[in-house]
Structure formats: structure tokens, C-alpha cells
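All remarks here apply to the structure that follows.
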Amino acid sequence: MRGKKDITGQKFGRLTAMYATEKRDYKGSVIWHCRCECGNETEVSQDGLSGGNCRSCGCWKREMQQKRYLLLHQVDGTCVEWLEKRKHRRDNTSGFRGVYKLREGRYRVTIGFKRQRFQVGCFPTFEEAVQARLEAEELIHNGFVRAYRRWEAHAGRDAEWGKTHPFVYEVRKEEGKFRVHAENDY
């Protein structure tokens, strides 16, 4: 086979190349059957192995994701650090998170919080939609972070108080407006 290098027995991250298959990827690279240190077996392109793109059967990624969640503060189903460091998503088509262009040219605005999706509204221009989204973020996301940080500081000074006064931050939409309810005035 032209262009096939024998990498049998070579180790790439957690993967050990066992044997070449007859398969090729879309670029023509040989697919290798590999065994991972965790015991799973998988098939990976030679380009993926030699280029460093495939280093395990997927177990390493799962382990890193689990470790990441241990380092983050999950409060009532919400990650405080993610709210503090929000970035532009690559899969956003309008150019702004939570703003979606509708067929008729208007813009729908939504915001997610505590595993719920809230409809902010529909707006005739992109600028109005972005402004509405920013206002919703300020009230809901930034309000949550500020309230949590105040609660955290109070609970840090008085651990017993923190045990008996759990952090509660609720959002409801009533009569077209968002209402925020914090259980305790921190």
C-alpha cells in the first residue's frame, strides 16, 4: 500500500496502534485499530495519531470534563464562573448570543437560566434585540452573580448562617417583565 507507514506497537498518547485496517478516511489516511490504556479499542486515522489530534478513545476528554466541573461552582444548577466569563459562541449565526433572526426579518431574543429558556421578546431591529438581551443579562445573569457573591461573603463570615440560609435566586416572567426573587437580602 502506497503511503502507509507501519506504526504497529507505537504509542500515541493513551493509544497504541495495533494494526492497519483496509479503511481510509476522507483524505485517504489509513485507519488504524488501536487499544487505549483504559482497555477500550477504537479506530483512528494515521493522520489523527501522528498529528496528535487523537490521543485516547475519548476517556481522557471525559476525565477532563469531570475534573473541570469539580473546579467550578455549581449553584442551584447554574455555573457561576460561566456566567462571569461568558464568551461569544462560535455557532451563533446572528452575531450575538440569544438573538435569532426570524424569516420575516424580526429578531427573537431568548436567555437561558437554571436549565430554563426564557423568551425576552421579538424586536424589529438587530440593535433593539441586542439591547434587550443585554438588559436581560444584566438583570438575570449579572444579578445572580452579584447576589451569589454577596451570599458567599456572608456565609464565609458566618458558616452557620450559610447552612441555615441557602442561596436562592428565582426568575419569573410576569406580565411581560422579568421578576427576580432572592430569598435572603444578602
Side-chain angles (χ1 to χ4, degrees), residues 26 38 40 42 48 52-186:
Y26 70 98
C38 73
N40 287 335
T42 188
N53 295 328
C54 296
R55 310 298 278 170
S56 77
C57 67
C59 63
W60 184 81
K61 181 178 179 181
R62 286 187 297 275
E63 289 172 18
M64 291 300 105
Q65 287 175 334
Q66 288 173 346
K67 286 180 184 177
R68 181 176 67 190
Y69 286 115
L70 294 175
L71 299 173
L72 301 176
H73 292 86
Q74 290 288 328
V75 179
D76 200 15
T78 301
C79 178
V80 176
E81 288 82 5
W82 283 352
L83 288 180
E84 288 178 320
K85 295 174 174 58
R86 285 184 308 276
K87 294 181 181 176
H88 176 73
R89 290 178 51 137
R90 284 180 276 167
D91 63 349
N92 185 296
T93 57
S94 76
F96 204 86
R97 69 184 160 269
V99 175
Y100 308 95
K101 188 169 186 175
L102 302 173
R103 283 188 205 152
E104 69 269 10
R106 293 170 44 102
Y107 293 87
R108 173 178 289 136
V109 179
T110 65
I111 190 165
F113 183 68
K114 290 172 62 172
R115 298 185 181 121
Q116 292 182 336
R117 175 104 358 236
F118 293 98
Q119 299 295 323
V120 177
C122 287
F123 301 88
T125 68
F126 179 72
E127 291 75 20
E128 289 175 275
V130 168
Q131 185 60 39
R133 171 63 193 216
L134 290 172
E135 290 170 7
E137 283 181 13
E138 178 60 30
L139 177 68
I140 297 170
H141 292 168
N142 297 345
F144 174 87
V145 171
R146 283 191 301 272
Y148 174 71
R149 293 299 182 203
R150 286 191 305 267
W151 178 89
E152 182 181 44
H154 192 149
R157 291 187 303 271
D158 184 354
E160 278 306 308
W161 179 88
K163 290 177 187 173
T164 59
H165 294 82
F167 178 74
V168 176
Y169 191 88
E170 297 293 331
V171 174
R172 291 185 298 280
K173 192 168 185 184
E174 298 170 353
E175 300 173 9
K177 294 190 181 243
F178 288 109
R179 306 274 186 232
V180 173
H181 170 72
E183 184 80 13
N184 300 296
D185 188 10
Y186 314 113

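Since the structure is predicted, the reported quantities are computational estimates derived from the model, not experimental observations.
- Between F144 and F113, the angle of the ring planes goes over 60°, which puts this pair in the perpendicular group of the 30/60° scheme.
- Residue R55 places its CZ atom among more than 12 non-hydrogen atoms of other residues, nucleotides or ligands, all under 6.0 Å distant.
- Once rounded to the nearest 0.5 Å, the distance linking CZ of F96 with CD of Q131 reads 9.0 Å.
- Note: R133 CZ to I140 CD1 = 8.5 Å, rounded to the nearest 0.5 Å.
- R117 and I111 get closest at one heavy-atom pair: NH1-C, 3.4 Å.
- Of the inter-residue distances, the one linking C38 atom SG with R62 atom CZ reads 7.0 Å to the nearest 0.5 angstrom.
- Residue pairs meeting the salt bridge (Lys or Arg N to Asp or Glu O under 4.0 Å) criterion with at least one member in residues 166-175, sequence neighbours excluded, are K114-E170, R172-E174, E174-R179.
- A salt bridge links E138 with R146: the closest approach of a Lys/Arg side-chain nitrogen to an acidic carboxylate oxygen falls below 4.0 angstrom.
- Across all non-hydrogen atoms, the minimal contact from F118 to V171 is CZ-O, 3.7 Å.
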I'd like to know whether Y107 forms a ring pair (Phe, Tyr, Trp, His ring centres under 6.0 Å) with F126, so could you lay out the CA-CA distance, the side-chain angles of the two residues, the decisive distance to 0.1 Å, and finally the verdict.
CA-CA 6 Å; Y107 293 87; F126 179 72; 5.6 Å; yes
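- Contacts of T42 classified as side chain to side chain donor-acceptor pair (under 3.5 Å), with partners at least two apart in sequence or in another chain: none.
- For the pair H141 (side chain) and A136 (backbone), a donor-acceptor distance under 3.5 Å is absent.
- With contacts defined as side-chain heavy-atom distances shorter than 4.5 Å, the pair H165/H154 does not qualify.
- Residues Y169 and L139 come closest through the heavy atom pair OH-O, 2.9 Å.
- Listed here is the closest heavy atom pair of V99 and A129: CG1-CB, 3.8 Å.
- Residues V145 and R149 meet the side-chain proximity criterion, which asks for heavy atoms closer than 4.5 Å.
- Contact between A132 and F123 at its shortest, heavy atoms only, is CB-CZ, 3.3 Å.
- Scored by the salt bridge (charged side-chain N to carboxylate O under 4.0 Å, His left out) test, K163 finds E160 as partners (sequence neighbours excluded).
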